[in-house]
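Worksheet: the structure to be examined is printed underneath.
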Amino acid sequence: MASVMTEQNGTCLIQFVDGAKRRRSVRFGKTKPRTIDMIKVRIEQMVKCQKLGMPFDPELQQWLQGLADPLHEKFAKAGLVEARKVHQTTTLAAFLDDFLARRSDMKPATISVWQQSMRNLKGYFGLDRDITTISEADAIEFRQHLVTQGLATTTVSKRLQFVRTFFHDARRRRMVSENPFAEVTAKSIIRLDKRHFVRREEVERLMAVCPDHHWRTIVGLARFGGLRCPSEVLSLRWQDIDWVNQRINVPSPKTEHHGKGNRLIPLFPELLELLRESRNLAVEGSEYVVDERFRNGALGEFGWKSCNLRTQFTRIVRRAGLKPWPKLFHALRSSRETELAKDYPIHVVTAWLGNTPAVAMKHYLLTTDDDFERAARGDSKYAALQISPKEAAPSAAHDVQIPMQQTEVMRSNHSQSQRFAPNDVEKLSELLRLATVSEPLRVDSEQKYRGTRIRT
């Protein structure tokens, strides 16, 4: 049992006998009697567990974890608990520098983009800020700081994504107990006014004013091959073109670290003559389809960011009498994917372009003027289904009756005999099957199924 003693100066002292039968004491200074009694009970619990060789119960452990360091240290000196590990401060600058040093597997361009977010963190929190003191409230204020800097919403979203990656690494290494940026995000808004469909007549005007065949090849590969520019366009070699089987093996540096270092695309007719011309004009022994001087300009510290094709391409666009559109090369690639999506299944198109259906729908596929014109002309796969004006605008009462009639037709042979002749029922089932698989009906189907009305 523990005992409480009070000295003449008012200092409280708790004495006890530990598991090794040694008399111990803990001084607490001037403390309220109620607090001393509570501490006495806790000390007795700890001594009992020591003598029995049992671990502390969860309630006792939680109480010990909530103790301030000075009081916990008193218990440690008395042999009741193990001393806490001394907290080593990890500054924000040291952590971020170490993070970059450990990620030597990343490409220079990725490191460059990461460093932008790191500069934002260091500038806002300071180099010497202890990363364990950054709370979720601090993270929310940091997001607001990025917004007030005038950055685009997409840029803010992307930089917060990188910051979450940094602190997720710190949490996994047990440098912080939780990621303060885990729930701090920013909505990425897709600006439709920043997207442009490059029409084929515009491409012809661009080709006519290109300074040489290299630039015609760059524009053609991006617009009609859907290649990423500059990384994929400048990485394409002559040996990647299979003239016999009419296929192109496109190297993809951007997705290489995902195990997708290349993909196959058809040798589209729009590219065939263009590549033949470039092949005939190429220097003997050349390895790459586009002159290597463009590629050599991109082999700097930050990779493809240094090639600076956009400046020259802007001049070409203006020389063609066109107004430069946002995301010059991305627009060429998205225009090609939009064209292909009209003629081929989306999984085939995305396999050729090297993205996913979700990414294609969000960032690439466009609604063009031609779509509106075709819809106004009725030029679609559903145009063959002739619907009379009366059927196009039925009464509300009739709309309610039709589903009931269809249900009764499917469930009751008696109802079928009342509403339709046997032959009409068979024709109705066939028509429903055709409508389910979305196959266009023939013009003569109205005559074939005369007297049978179908609504969907």
Side-chain angles (χ1 to χ4, degrees), residues 107-110 198 200 202-317 319-320 327-333 335-337 340 351-355:
K107 296 181 179 181
T110 302
V198 185
R200 289 182 173 247
E202 293 177 326
V203 179
E204 293 178 359
R205 293 169 62 177
L206 291 173
M207 293 289 190
V209 297
C210 283
D212 51 36
H213 69 281
H214 295 297
W215 267 105
R216 288 193 294 273
T217 303
I218 292 174
V219 175
L221 289 175
R223 177 58 179 82
F224 298 120
L227 273 65
R228 294 182 178 95
C229 188
S231 60
E232 294 177 354
V233 171
L234 300 186
S235 298
L236 187 66
R237 300 168 297 178
W238 290 115
Q239 67 183 35
D240 295 324
I241 303 176
D242 186 348
W243 303 95
V244 176
N245 297 315
Q246 294 187 331
R247 297 183 181 183
I248 302 177
N249 181 29
V250 179
S252 182
K254 181 178 180 179
T255 59
E256 184 178 7
H257 63 287
H258 293 302
K260 302 177 182 178
N262 53 68
R263 66 179 185 277
L264 281 176
I265 69 170
L267 181 55
F268 295 106
E270 299 93 337
L271 293 177
L272 184 58
E273 293 301 324
L274 187 66
L275 291 175
R276 283 177 176 172
E277 175 198 14
S278 184
R279 183 58 176 169
N280 294 333
L281 297 176
V283 178
E284 185 178 356
S286 59
E287 179 181 3
Y288 293 93
V289 174
V290 179
D291 194 337
E292 289 190 46
R293 62 187 173 89
F294 295 98
R295 181 179 176 84
N296 294 336
L299 299 180
E301 180 181 0
F302 301 113
W304 300 109
K305 292 182 62 176
S306 305
C307 13
N308 197 23
L309 294 179
R310 186 180 294 106
T311 302
Q312 178 63 16
F313 188 43
T314 301
R315 298 192 188 101
I316 295 174
V317 172
R319 194 180 305 156
K327 299 183 178 181
L328 288 172
F329 291 107
H330 181 274
L332 297 177
R333 176 173 155 84
S335 300
R336 184 52 171 169
E337 187 156 15
L340 294 175
W352 288 344
L353 272 289
N355 50 26

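We're numbering straight along the sequence, starting at 1. Computed from a predicted structure; not experimentally measured. Just so it is clear, the values below take in all heavy atoms, side chains as well, and ignore hydrogens, waters and symmetry mates.
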- [ ] Might you point out which heavy atoms bring Leu236 and Asn249 nearest each other, and give the distance in Å?
- [x] CD1-O, 3.9 Å

Open item on the list: Could you walk me through whether Glu270 and Arg336 satisfy the salt bridge (Lys or Arg N to Asp or Glu O under 4.0 Å) test, starting with their C-alpha distance in whole Å, then the side-chain angles of each, then the deciding distance to 0.1 Å, before giving a yes or no?
Closed with: CA-CA 11 Å; Glu270 299 93 337; Arg336 184 52 171 169; 3.5 Å; yes

Task: Closest non-hydrogen atom pair, Trp352 against Leu340 - done: CE3-CD1, 4.1 Å

Open item on the list: The criterion is side chain to side chain donor-acceptor pair (under 3.5 Å); which residues satisfy it with Glu292, sequence neighbours excluded?
Closed with: none

- [ ] Please assess Phe268 against Ile248 for the test side chain to side chain contact (heavy atoms under 4.5 Å, CB included), listing each intermediate value before the final yes or no.
- [x] CA-CA 9 Å; Phe268 295 106; Ile248 302 177; over 6 Å; no

- [ ] Kindly give the heavy-atom pair with the smallest separation between Gly225 and Leu271, and that separation in Å.
- [x] CA-CD1, 3.8 Å

Task: Selection residues 240-254 - residue pairs positive for salt bridge (charged side-chain N to carboxylate O under 4.0 Å, His left out), sequence neighbours left out - done: Arg237-Asp240

Task: Shortest non-hydrogen contact between Gly226 and Arg333, atoms and distance - done: O-NH1, 2.5 Å

Counting only pairs under 3.5 Å, give me each side-chain donor-acceptor contact of residues 205-212, with atom names and distances, residues two or more places apart or in other chains.
| unit_1 | atom_1 | unit_2 | atom_2 | d |
| --- | --- | --- | --- | --- |
| Arg205 | NE | Ala320 | O | 3.3 |
| Arg205 | NH2 | Ala320 | O | 2.9 |
| Arg205 | NH2 | Gly321 | O | 3.4 |
| Asp212 | OD1 | His214 | N | 3.1 |
| Asp212 | OD1 | Trp215 | N | 3.0 |

What side-chain donor-acceptor pairs closer than 3.5 Å can you find for residues 216-223, not counting sequence neighbours?
| unit_1 | atom_1 | unit_2 | atom_2 | d |
| --- | --- | --- | --- | --- |
| Arg216 | NH2 | Glu277 | OE2 | 2.8 |
| Thr217 | OG1 | His213 | O | 2.8 |
| Thr217 | OG1 | Ser278 | OG | 3.4 |
| Arg223 | NE | Val198 | O | 3.0 |
| Arg223 | NH1 | Glu339 | OE1 | 3.2 |
| Arg223 | NH2 | Val198 | O | 2.9 |
| Arg223 | NH2 | Glu339 | OE2 | 2.7 |

Task: Non-neighbouring partners of Thr255 that pass side chain to side chain donor-acceptor pair (under 3.5 Å), sequence neighbours left out - done: Ser252

Open item on the list: Going by the rule salt bridge (Lys or Arg N to Asp or Glu O under 4.0 Å), which residues pair with Glu273 if we only count those two or more places apart in sequence or in a different chain?
Closed with: Arg276

Task: Results of ring-ring contact (aromatic ring centres under 6.0 Å, His included) for Phe329 - residues two or more places apart only - done: Phe313

Open item on the list: Please evaluate residues Arg295 and Tyr288 with respect to the criterion side chain to side chain contact (heavy atoms under 4.5 Å, CB included), reporting the C-alpha separation (whole Å), side-chain torsions for both, the decisive distance (0.1 Å), and the verdict.
Closed with: CA-CA 9 Å; Arg295 181 179 176 84; Tyr288 293 93; 3.4 Å; yes

TODO: Could I get the full list of salt bridge (Lys or Arg N to Asp or Glu O under 4.0 Å) partners for Glu337, not counting sequence neighbours?
DONE: none

- [ ] Determine whether Ile241 and Leu275 make a side-chain contact, defined as any pair of heavy atoms from C-beta on separated by less than 4.5 Å.
- [x] yes

Open item on the list: Would you compute the distance between atom CG of Leu227 and atom CG of Leu332 and round it to the nearest 0.5 angstrom?
Closed with: 11.5 Å

- [ ] Sequence neighbours left out, what passes side-chain contact (heavy atoms from CB on, under 4.5 Å) with Thr314? Give chain and number order.
- [x] Arg310, Arg318, Pro324, Leu328

- [ ] Identify the two heavy atoms, one from Pro253 and one from Ser235, that lie closest to each other, and give their separation to 0.1 Å.
- [x] CG-OG, 3.7 Å

- [ ] State, to 0.1 Å, how close Arg200 and Phe224 come at their nearest heavy-atom pair, and which atoms those are.
- [x] NH1-CE2, 3.7 Å

Open item on the list: Looking at Ala282, is its backbone amide N or carbonyl O close enough to the side chain of Ser286 to form a donor-acceptor pair, meaning the two atoms are under 3.5 Å apart?
Closed with: no

Task: side chain to side chain donor-acceptor pair (under 3.5 Å) partners of Arg279, counting only residues at least two apart - done: none

